[in-house]
Amino acid sequence: MRNSYSPTAGGVRTYVDQKFQAAARLDHSLTVIAPGTENRVEMREGGKLVWVEAPQLPFDRNYRMFWRAVGRLAHP
């Protein structure tokens, strides 16, 4: 699960893409759950990317975040 992920931004996207490539190379199936604009599943070589609808970050519109989950972790 990625708390922040953007299909248009660099570091995290590059890392996740490399994980999918490694999974495919090793004949594994990787599932990544990431915040997105809508609920949907994107099949990738090496697994799938599961997008869960989440709000945008107020200071960077390229990213979304699981705000409710963060709140529950901060205040159990």
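When reading the values below, keep in mind they use all heavy atoms of this one structure, side chains included, and skip hydrogens, waters and symmetry mates.
Atom NZ of residue K48 and atom CZ of residue F20 lie 10.0 Å apart, to the nearest 0.5 angstrom.
Using a distance-only test at 3.5 Å, with no hydrogens or angles considered, no donor-acceptor pair links the side chain of R64 to the main chain of P35.
Hydrophobic clustering places V52 together with V41 (ILVMFWY residues linked when any side-chain heavy atoms are closer than 4.5 Å, directly or through intermediates).
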Before you tell me yes or no, could you show the steps for E53 and T37 under side-chain contact (heavy atoms from CB on, under 4.5 Å), namely the whole-Å CA-CA distance, both residues' side-chain angles and the distance that decides it to 0.1 Å? CA-CA 5 Å; E53 186 177 3; T37 59; over 6 Å; no
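Applying side-chain contact (heavy atoms from CB on, under 4.5 Å) to L49 and the options D17, L30, V32 leaves one that passes, V32.
Checked against salt bridge (charged side-chain N to carboxylate O under 4.0 Å, His left out), E42 has the following partners two or more places apart in sequence or in another chain: R40, R44. With sequence neighbours left out, E45 forms a salt bridge (charged side-chain N to carboxylate O under 4.0 Å, His left out) with no residue at all.
Residue pairs meeting the salt bridge (charged side-chain N to carboxylate O under 4.0 Å, His left out) criterion with at least one partner in residues 18-30, sequence neighbours excluded, do not occur; the list is empty.
Heavy atoms only, all atoms of each residue included: G46 and A23 are closest at O-CB, 3.5 Å.
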